[in-house]
Asks: 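Sharing a structure below in structure tokens format, with a few things to ask.
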2 protein chains.
Amino acid sequence: MSETPTDRFIETLGLIYQSEGAPRIAGMILALLLMSDRPMSLAEIAGRLGISKASASTNTRLLERRGMASKTRGGGRQDFWEADPDPQSRVLPALAERFREHARAVQGVARTFPPEEEAKRAKIARFAAFYDDSAEFLDAWSARLTAMADPSPETN
Amino acid sequence: MSETPTDRFIETLGLIYQSEGAPRIAGMILALLLMSDRPMSLAEIAGRLGISKASASTNTRLLERRGMASKTRGGGRQDFWEADPDPQSRVLPALAERFREHARAVQGVARTFPPEEEAKRAKIARFAAFYDDSAEFLDAWSARLTAMADPSPETN
DNA sequence: GTTTCCGTTCAATTTGGATTGAACGTGACG
DNA sequence: CGTCACGTTCAATCCAAATTGAACGGAAAC
């Protein structure tokens with residue numbers, strides 16, 4: 001009755017997700033789907049992980065929004081979920097998106113500074129620029145990673 | 001009695017920190033110190049932000065560990081805190097460090113897979129490699145940013 | 001040497017977000 | 001149609017982490 005390697009992966013990815021401020025269960029589901037050789041229904045996922053189907057539903061759809069998992073309607077009325085082939089490739093774009101939101105928020109604040117406080121405004125603006133530049137950079141790097149892993153888009 | 005631009009910055013950076021899974025108060029303190037023209041004592045910080053001095057202590061030291069703020073012992077027995085000149089430059093290295101931890105954790109799991117499950121192990125190993133490569137890249141990019149902002153290390 | 005004023009620590013409390021149970025909506029099967 | 005088997009929703013609950021209050025330790029001031 002000892003813990004299998006797959007169990008360990010599920011647990012580990014759950015902890016990673018948690019430490020990144022995402023729902024632990026989303027990480028667990030992603031790990032489970034990655035290790036599964038066939039698509040799984042919500043009920044299977046919930047049963048295997050010992051979680052409620054409410055959680056399974058919420059978190060599979062979270063993964064879907066991030067482009068890390070997708071569902072296929074089975075013959076009956078079940079949805080079957082599977083991990084996308086390269087879920088890692090979505091990590092950095094998701095981060096970039098968050099950074100862009102931060103940049104927008106900070107830029108909004110910078111605009112509220114009156115002319116007398118130009119120095120402070122500039123300091124804040126640099127903060128915003130950092131977030132924006134980093135977002136752009138993360139996207140670029142991510143695209144390069146993708147291109148290396150999958151050199152198909154050679155439409156020369 | 002309306003909210004000043006500085007207040008808005010404090011609030012915004014607090015929310016950003018919170019959304020990144022860090023203590024909201026750490027973000028608020030960083031924003032306050034950035035906007036302050038002089039170093040501030042713990043008591044001042046706590047008073048200005050309306051928080052306990054326990055929190056002020058804990059979170060200033062968190063910022064210190066991240067290299068975003070530093071204290072100077074004042075003449076008396078107070079510590080005076082100020083934001084480091086370029087706190088943004090610490091964001092990506094901190095992220096890189098987290099990614100490296102993730103990589104280590106995932107590699108550890110990969111090692112527990114038996115030979116029969118080589119395919120699964122390889123999938124996980126790629127996950128780990130992603131975290132490790134990204135960490136390395138984040139550090140490199142961050143160093144470049146720093147070099148551009150501060151081109152002093154030209155020991156030619 | 002004593003008092004005072006700091007910052008730190010830590011157990012207790014609070015808070016925000018994740019998770020759940022139960023009710024609901026919907027499309028399939030008879 | 002009516003029933004059933006699913007996925008979704010949402011208010012209630014739970015939980016981990018942030019925050020606090022109070023007690024503490026130690027360096028400065030006297």
Side-chain angles (χ1 to χ4, degrees), chain A residues 10-33 39-66 68-82 94 98 101, chain B residues 10-33 39-66 68-82 94 98 101:
Chain A
I10 290 171
E11 190 177 329
T12 299
L13 203 58
L15 290 175
I16 289 176
Y17 264 60
Q18 184 158 258
S19 83
E20 293 290 335
R24 174 208 274 246
I25 287 187
M28 297 170 68
I29 293 176
L30 178 58
L32 174 60
L33 293 178
M40 298 179 78
S41 72
L42 262 199
E44 278 177 311
I45 294 170
R48 171 67 169 79
L49 296 179
I51 62 176
S52 70
K53 66 178 174 164
S55 239
S57 172
T58 302
N59 284 289
T60 46
R61 279 176 302 124
L62 168 62
L63 291 173
E64 187 178 40
R65 248 185 301 139
R66 290 207 189 163
M68 294 177 160
S70 49
K71 71 178 148 189
T72 333
R73 309 234 36 227
R77 69 210 94 170
Q78 311 190 72
D79 293 340
F80 285 98
W81 290 89
E82 58 190 329
R98 247 164 46 216
E101 279 165 24
Chain B
I10 290 171
E11 190 177 329
T12 300
L13 203 58
L15 290 175
I16 288 176
Y17 265 61
Q18 184 158 257
S19 83
E20 292 290 335
R24 175 208 272 248
I25 287 188
M28 296 170 69
I29 293 177
L30 178 59
L32 174 61
L33 292 178
M40 297 179 78
S41 73
L42 262 199
E44 278 176 313
I45 294 170
R48 172 68 169 79
L49 296 179
I51 62 176
S52 70
K53 67 177 174 165
S55 240
S57 172
T58 302
N59 284 289
T60 46
R61 279 176 302 123
L62 169 62
L63 291 173
E64 187 178 41
R65 248 185 301 139
R66 290 208 189 163
M68 293 177 161
S70 48
K71 71 178 150 192
T72 332
R73 308 235 35 228
R77 69 210 94 169
Q78 313 190 71
D79 294 341
F80 286 98
W81 290 89
E82 59 190 327
R98 247 163 46 218
E101 279 165 26

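None of these values were measured; they are calculated from a predicted model.
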Asks: At what distance, to the nearest 0.5 angstrom, does CG of A/Leu32 lie from OG1 of A/Thr60?
Replies: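 Output value for this atom pair is 11.5 Å.
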
Asks: Given A/Ile10 and A/Met28, is the side chain to side chain contact (heavy atoms under 4.5 Å, CB included) satisfied, shown in steps?
Replies: CA-CA 5 Å; A/Ile10 290 171; A/Met28 297 170 68; 3.7 Å; yes

Asks: What is the distance, to the nearest angstrom, from the CG atom on B/Leu42 to the C1' atom on D/dT20?
Replies: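 B/Leu42 atom CG is separated from D/dT20 atom C1' by 15 Å.
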
Asks: Looking at A/Lys71, I'd like to know whether one of its side-chain N or O atoms comes within less than 4.0 Å of OP1 or OP2 on D/dT8.
Replies: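 For D/dT8, OP1/OP2 do have a side-chain N/O of A/Lys71 under 4.0 Å.
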
Asks: How close or far is atom P of D/dC6 from atom CD of A/Glu44, stated in whole angstroms?
Replies: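 Answer to the nearest Å: 11 Å.
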
Asks: What's the CZ-P distance between B/Arg61 and D/dA18, to the nearest Å?
Replies: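 My rounded result for the distance is 14 Å.
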
Asks: How close do B/Pro39 and B/Glu44 get, counting heavy atoms only, and between which atoms?
Replies: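 Smallest interatomic distance, heavy atoms only, reads O-OE1, 4.1 Å.
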
Asks: Please list, pair by pair, any protein nitrogen or oxygen found under 3.5 Å from a nitrogen or oxygen in nucleotides 1-4 of chain D.
Replies:
unit_1: D/dC4; atom_1: O2; unit_2: A/Arg77; atom_2: NH1; d: 3.3

Asks: Evaluate the side chain to side chain contact (heavy atoms under 4.5 Å, CB included) criterion for residues A/Arg73 and A/Arg77: first the C-alpha distance (whole Å), next the side-chain angles of each, then the deciding distance (0.1 Å), finally the verdict.
Replies: CA-CA 7 Å; A/Arg73 309 234 36 227; A/Arg77 69 210 94 170; 4.2 Å; yes

Asks: If I take atom CD1 in residue A/Ile25 and atom P in nucleotide D/dA16, what distance separates them, rounded to the nearest angstrom?
Replies: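 About 12 Å, once rounded to whole Å.
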
Asks: How far apart are the C-alpha atoms of B/Ile25 and B/Thr58, what are their side-chain angles, what is the distance that settles it, and do they pass the side chain to side chain contact (heavy atoms under 4.5 Å, CB included) test?
Replies: CA-CA 10 Å; B/Ile25 287 188; B/Thr58 302; over 6 Å; no

Asks: Using side chain to side chain donor-acceptor pair (under 3.5 Å) as the criterion, list what pairs up with B/Arg65, not counting sequence neighbours.
Replies: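 Checked B/Arg65 against side chain to side chain donor-acceptor pair (under 3.5 Å); zero matches.
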
Asks: Roughly, in whole Å, what's the span from CG in B/Asp79 to P in D/dA27?
Replies: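 My rounded result for the distance is 13 Å.
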
Asks: Just verifying a value: how many Å separate B/Ile51 CD1 and B/Ile29 CD1, rounded to the nearest 0.5 Å?
Replies: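 Reported value, rounded in 0.5 Å steps: 4.5 Å.
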
Asks: What is the first contacted nucleotide of DNA chain C and what is the last, in 5' to 3' order, if contact means an atom lying under 4.0 angstrom from a heavy atom of chain B?
Replies: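 So the contact region on DNA chain C extends C/dT4 to C/dT9.
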
Asks: For DNA chain D, what residues of residues 47-56 of chain A have any heavy atom nearer than 4.0 Å?
Replies: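 Heavy-atom cutoff 4.0 Å gives A/Lys53, A/Ala54.
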
Asks: Sorted by first residue and then second, give each side-chain hydrogen bond (donor to acceptor under 3.5 Å, both in side chains) pair with at least one member in residues 47-56 of chain B; sequence neighbours left out.
Replies: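 Listed once each, the pairs are B/Asp7-B/Arg48.
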
Asks: Heavy-atom nearest nucleotide on DNA chain D for A/Gln18 versus A/Ala43: which residue maps closer to 5'?
Replies: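 Its nearest nucleotide lies further toward 5', so the answer is A/Ala43.
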
Asks: Can you measure A/Leu63 atom CG to D/dG7 atom C1' for me and round it to whole angstrom units?
Replies: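 Going from A/Leu63 (CG) to D/dG7 (C1'), I get 16 Å.
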
Asks: If you define the side chain from C-beta out and look only at heavy atoms, does anything of A/Trp81 sit under 4.5 Å from A/Met40?
Replies: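 No, side chains not in contact.
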
Asks: Rounding to a whole Å, what distance do you find between A/Arg65:CZ and D/dT8:P?
Replies: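 To the nearest whole Å, that distance equals 12 Å.
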
Asks: Could you note down all residue pairs passing side-chain hydrogen bond (donor to acceptor under 3.5 Å, both in side chains) where residues 10-31 of chain B supplies at least one of them, sequence neighbours left out?
Replies: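 Those involving residues 10-31 of chain B are A/Arg98-B/Glu20, A/His102-B/Glu20.
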
Asks: Could you check whether any side-chain heavy atom of B/Pro23 comes within less than 4.5 Å of a side-chain heavy atom of B/Leu62, counting everything from C-beta outward?
Replies: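 With C-beta onward as the side chain, the pair touches.
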
Asks: Round to the nearest Å and state the distance from A/Tyr17 atom OH to D/dA17 atom P.
Replies: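 In whole Å, D/dA17 P lies 18 Å from A/Tyr17 OH.
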
